[in-house]
There are 2 protein chains.
Amino acid sequence: MPRIVAERADILPALAEVFREHGYEGASLALIGQRTGLGKGSLYHFFPGGKEEMANAVLDEIDGWFETRIFRPLREEPDAAAAIRASLRDTDAYFRSGRRVCLVGVLALGDVRDRFAERIHSYFLAWRDALASALVRTGVAQEMAASLAEEAVAMIQGALVASRALQDSELFGRMLNRLEGRLLAGSNPR
Amino acid sequence: MPRIVAERADILPALAEVFREHGYEGASLALIGQRTGLGKGSLYHFFPGGKEEMANAVLDEIDGWFETRIFRPLREEPDAAAAIRASLRDTDAYFRSGRRVCLVGVLALGDVRDRFAERIHSYFLAWRDALASALVRTGVAQEMAASLAEEAVAMIQGALVASRALQDSELFGRMLNRLEGRLLAGSNPR
DNA sequence: TCGTTCTTGTACCGAACGGTACAGATTGTT
DNA sequence: AACAATCTGTACCGTTCGGTACAAGAACGA
């Protein structure tokens, strides 16, 4: 029997895409096997806990990506306005201008929300608070920053839904641009 | 065999709730039967086309509700600002302040999007255009109205995702209030 | 009272589901 | 060369899936 994959991290991207496209329940083991190129044997070797462990591994990777690429810069970057601009650019790239969906958002809407409630909660919380922190550092008042951040997080999720529903590939970009304008309205222009 | 339901319209509300809570694929016939109180025999008597026909019937009802309660008033009500305010109030009531989810939005994110693509598309289009029409009548320029309307529709969807993700029962209301402020910024106060 | 039509519960179908068991192939170490 | 550890394909488990078939009960006009 030939070896194909050395580490389970190697298949996480494919795994994530399956969950994104089909949701937790819609991602059958047959589909996962097909898209990752691994049989059930291998899948259960890497993920003894089955689908739930697979989903958690994917969520781990997503958490890690957003933490290093989005959340931490927003919290720590000295030039907060630049960090906000960069985070919106990275967000656009990550979601492929709306062609890709947010797995955490999908899980939040589905009936598996309770199973992953804590992870979903902390992901959204981290995003909102990191953005609020950056806004405060651009000179926005605490309360206003919290409102704007909450709005921004919802806007991004809503833009993903709307861009798919309206099948408008440019809607996501438009929305992010307007969002940038509103978030940085008080700070100096680039 | 006792008769329970006279018309299939009688079970649409329960049917809609099952689809909302579990998505299209997650709504199994067993679950539907349990929640509607009907056996498979009755379900297939009322909906010979199976689940797909059930979902379409639910979407029909949703379309109808929004058309009469939200879209038409937005397009036709002489006092456009009042119509916008009323539509946001009705939206809050319909989605139970975020505790209820938008079935059309859920379908848009899932892998069944293609099967219902046209209905999803026209629902979002109708909402956006009706709102834009009302905004124009309050004195907002055409282009600005289109932007605001697009933003509002996305915001509502995003607020549903965020309120569930953050498990914050007041988020949806806050968001609608801010939305009302932005949409009616140019018109006379109530 | 008798059919006829409408409605319903139940048994059942093949397929697909998530998950398990395990033998055999590959690999690295000795 | 021989060994254990690692990996993987396949067959199989019980359950649930969407959907079909159908007999029997209720309603109702004749």
Side-chain angles (χ1 to χ4, degrees), chain A residues 1-60 103 106-107 110-116, chain B residues 1-60 103 106-107 110-116:
Chain A
M1 304 252 155
R3 296 193 181 189
I4 297 176
V5 179
E7 305 182 46
R8 75 177 217 176
D10 295 345
I11 63 162
L12 283 183
L15 205 47
E17 223 52 51
V18 179
F19 279 121
R20 261 189 279 267
E21 290 173 17
H22 300 274
Y24 182 77
E25 318 218 54
S28 69
L29 285 185
L31 197 57
I32 291 171
Q34 178 184 321
R35 294 280 292 271
T36 58
L38 264 56
K40 287 189 182 185
S42 307
L43 288 172
Y44 271 85
H45 171 70
F46 287 118
F47 306 96
K51 264 176 75 169
E52 179 148 358
E53 186 174 343
M54 298 182 206
N56 274 311
V58 166
L59 288 175
D60 278 338
L103 175 58
V106 170
L107 293 181
D111 57 345
V112 287
R113 177 185 65 152
D114 294 348
R115 205 187 300 199
F116 302 102
Chain B
M1 302 260 152
R3 297 193 180 190
I4 296 175
V5 178
E7 304 182 48
R8 72 178 218 173
D10 294 345
I11 64 162
L12 282 183
L15 205 47
E17 222 53 50
V18 178
F19 279 120
R20 261 189 279 266
E21 290 171 18
H22 300 273
Y24 182 76
E25 319 218 54
S28 68
L29 284 185
L31 197 57
I32 291 172
Q34 178 185 320
R35 294 280 292 270
T36 58
L38 262 58
K40 287 188 180 185
S42 306
L43 288 172
Y44 272 84
H45 171 73
F46 286 118
F47 306 97
K51 261 175 79 170
E52 180 148 359
E53 186 173 344
M54 298 181 206
N56 273 311
V58 167
L59 288 175
D60 277 339
L103 176 58
V106 170
L107 293 181
D111 58 342
V112 288
R113 177 185 65 151
D114 294 349
R115 205 187 301 200
F116 302 102

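Below, chain A is the first sequence line, B the second, and so on; all start at residue 1. As a basis for the values below, the full set of heavy atoms in this structure was taken, side chains included, without hydrogen atoms, waters or symmetry mates. In this text the structure is predicted, and so the values were computed from the model without any measurement.
- Separating the CD atom of E53(B) from the P atom of dG19(D) is a distance of 11 Å, rounded to the nearest angstrom.
- Heavy atoms of K51(B) sit under 4.0 angstrom from primed sugar atoms or phosphate atoms, though from no base atom.
- E52(A) places a side-chain heavy atom less than 4.5 Å from the side chain of Y24(A).
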Between F47(A) and I11(A), does the side-chain contact (heavy atoms from CB on, under 4.5 Å) criterion hold? Intermediate values first, please. CA-CA 11 Å; F47(A) 306 96; I11(A) 63 162; 3.6 Å; yes
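- Here the side chains of D111(A) and E21(B) are not in contact, with every heavy-atom distance at 4.5 Å or above.
- When atom types are taken as modelled, the side chain of K40(A) and the backbone of L29(A) share no donor-acceptor pair closer than 3.5 angstrom.
- In this structure, R8(B) atom CZ and dT7(C) atom C1' are separated by 16 Å, rounded to whole Å.
- Atom CG of L43(B) and atom P of dT7(C) are 13 Å apart (whole Å).
- For S28(A), the listed nucleotide lying nearest its side chain is dG18(C); candidates were dT20(D), dG9(C), dG18(C).
- Atom CD1 of I11(B) and atom P of dT7(C) are 12 Å apart (whole Å).
- What separates CG of D10(A) from P of dT8(D) is a distance of 11 Å, to the nearest Å.
- In this entry the distance linking CZ of F46(B) with P of dT7(C) reads 6 Å, nearest Å.
- Rounded to whole Å, the distance from NZ on K40(A) to P on dA23(C) is 19 Å.
- The residue among H45(B) and A30(A) whose nearest nucleotide of DNA chain C lies closer to the 5′ end is H45(B).
- The CD-P distance, from Q34(A) to dG9(D), rounds to 14 Å in whole Å.
- Side-chain atoms of Y44(A) lie closest to dG18(C) of the nucleotides dC12(C), dT8(C), dG18(C).
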